[in-house]
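To keep things clear, I will list the structure first and then write my remarks on it.
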Amino acid sequence: MPDGKAIELVFPDGSKHSFPEGTTGAAVAASIGKRLAADALAVKLDGEIRDLNRPITRSAAFQVVTPLNRKKELDPDGLYCVRHSAAHVMAEALCRLWPETKLVYGPPVDDGFYYDIDLEHKISTEEFAKIEAEMKKIVAEKRPFTRVEMPRAEGMKKVQAEGNVYKVDNAERAEGDVLSFYVTGEKPGADFEDLCRGPHVPDTGRIGAYKVMSVAGAYWHGDASKQQLQRVYGTAFHTQEQLDKHLALLDEAKKRDHRKIGRELSIYAYDDEVGPGLPLWLPNGGAMIEELERLAKEAEFAGGYQRVKSPHICKEQLYIKSGHLPYYADSMFPPMEFEGVKYYIKPMNCPHHHKIFAAEPRSYRDLPLRLAEYGSCYRYEQSGELFGLMRVRSMQMNDAHIYCTIEQFEQEFLDVCKMYLSHFKVFGIDKFVMRFSTHGKEGLGKKYVNEPELWLKTEAMVRETLRKGDIPTEEVANEAAFYGPKIDVQVWSAIGREFTLATNQVDFAVPKRFNLAYKAADNTDQTPLCIHRAPLGTHERFIGFLIEHFAGNFPLWLAPQQVRVANITDKQEDFGKKVLKALRDAGLRADADFGHGKINAKVLESERLKIPYLLVIGEREAAAGSVAVRGRGRRDLGVLSLERFIEEAEKEVNTRALDTSLKA
RNA sequence: GCCUCCUUAGCUCAAUGGUAGAGCGCCGCUUUUGUAAAGCGGGGGUUGCAGGUUCAAGUCCUGCAGGAGGCUCCA
């Protein structure tokens, strides 16, 4: 017990324990229990994850990091450690296989880890097994991770001597007076080592299961003007079982991919001769669009919006005036020229709507003026960005612009937020984050209009409104629109990608540029504030998201094919046709399978198409005027009279129910 | 836009540099069937496109297009 000085550690249960200064996490864990000591991967001191064998020199809240938490769930901190260490092991494997490898940066990420390397040899998928085999050897050696610290100057000398520009760069960017290195083993200078902040698991043997997943290009520092590195992705878990489960989940996610389901359910298609990013909506997609528009239009009508229509193109002058051209010409399709004038295809609807505002003299009595349009827009997205329906070049936005006074802003803005929330509730979207994006000072005059005071004023107003409305938000700097702060609603698709589904922006700049004005009560001309909003975003992205959200099992109101009629034998075809007509007369999207196949095959086909209700008609039903209802997903809902079924289905549609109201 | 990989029938996938195939779907006939695939037969391809190497190219090489995974971007 050196020096005999004591420190106090507070355990997660709140109990306080005294330990000699310089004790280690391993020693503390051992004092608590054998099992805990054996399971321990690292410790947490006041929330900071640290190596198990690093001396503890101060009093702190103390927690042992283990693979599983108390609820026997995977502990994120434990995964972080094992993946961070796996990244080092993979780096060593890569260096063994290709000694000229220059290591760049290798952090743990959400689903695993990656390591960026600079290597002329292009790593191929076939070589993953080789990399894993090399990792296997290192893991089997159970070499400890040894932390070596040295003063900054000495450390800098060391990395400079190694001659790896990336490591020198990393060292220069590292915080603090001390640089730390991790040796995979006990012999610094001899065993593999890497500049690293830590922490790591005690030894390589603790990396129970790992897999090299993919290789991709990545720019150094994420800067497209810098050279491209190879990024090798991997994942790691404590046990093979956990890894297998993870891989199975990835497979499941693939089945929900909207590109796969979109094709299987004939929702949309691409055609090379039409062009990339230009989806064709098939009738099933068209039906879904109809339903979304109905939902939006109902809410907008109730909210006092008026519908407008504007052309798909306009003169260049409009975008010069709005200020879009200098900021966004790269994202617009190049202009076409006729009669000596350049015309652009519109990438957004706002300038047109501003002109609708300007089309008539406005009084304060006209405000708030809410102009809504399902406007078609075209954006020249980079080819590498296109992604199914989620990122496209032609889109239709659930757009509206609200022109209001500063006094009206708060109410209008909150009403918009409420509309978002009520729409999301309809779809059962409960995992989302509202991101409040503000400007960055550096971007003024470049990325953002150069109105520093108006920026601060508007942002403060939005922040205050969000607070008053009790709307949970996450604030992110330097992500605003060029004309004002915005609120993005982020959601996560089943593929794990993050998307902005809806967006809502406050524009203090462009109305002024358009000289938009209303006559105030005191007879002065005032510039209105403009709120841009799109709660359902674009049809393309929203439907892409919904496909994955529901895995194609849409609620009845949204399902492109709602009901299918199937007969047992062709003796019931006449009654089947009557049923089909009755369903269609009731406004239901219904079709029929009167083929000569067996009912089993018809059931399978109906399930494959994820049709919510299959009405089976046999001799008994035909005689009684009833239908045997089968709900999607092997659910027998019994025999109902045709009238009763239609009544129930209509109710389910009209309430936009998420679940079926029919029970067996 | 950048990096890597991929592209064979509508879909999922086979085919040592040596005569392009299967399953499902589609069409026809038979079957008249009660809740997850009845039987038989048929049609379907300039192997993404354009060049090149070769006696011979789906297979090797080059370019282009489209797609995938990333990076960058995203009003």
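All heavy atoms count here, side chains included; hydrogens, waters and symmetry mates do not. The chains referred to below are lettered A, B, ... by the order of the sequence lines, with proteins before strands, and numbering in each begins at 1. Predicted, not measured: the structure shown is a model, and the values here were computed from it.
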Any carboxylate oxygen within less than 4.0 angstrom of a Lys/Arg side-chain nitrogen, looking at [X] and [Y]?
X: A/E134; Y: A/K130; value: no
X: A/R391; Y: A/E385; value: yes
X: A/K512; Y: A/E451; value: yes

Exercise. Touch check for A/E619, heavy atoms < 4.0 angstrom, all strands: base, sugar-phosphate only, or nothing?
Worked result: base
For this session: Establish whether the base of B/rC11 is bridged to the side chain of A/R263 by a donor-acceptor pair shorter than 3.5 Å.
Result: no
Length of the [atom1]-[atom2] vector between [X] and [N], whole Å:
X: A/D111; N: B/rG70; atom1: CG; atom2: C1'; value: 14 Å
X: A/K122; N: B/rG70; atom1: NZ; atom2: P; value: 19 Å
X: A/D116; N: B/rC3; atom1: CG; atom2: P; value: 16 Å
X: A/R564; N: B/rA36; atom1: CZ; atom2: P; value: 16 Å
X: A/E385; N: B/rC3; atom1: CD; atom2: P; value: 15 Å
X: A/L637; N: B/rU35; atom1: CG; atom2: P; value: 15 Å
X: A/Q230; N: B/rU4; atom1: CD; atom2: C1'; value: 8 Å

Exercise. Partners of A/H353 by ring pair (Phe, Tyr, Trp, His ring centres under 6.0 Å), sequence neighbours excluded?
Worked result: A/H401
Seminar exercise, completed: By nearest-nucleotide position on RNA chain B, the 5'-leaning member of A/M348 and A/R393 is A/R393
Exercise. Quick one: stems for RNA chain B, with Watson-Crick or G-U pairs under 3.5 Å, at least three in a row?
Worked result: B:1-7 with B:65-71, B:10-13 with B:21-24, B:26-30 with B:38-42, B:48-52 with B:60-64
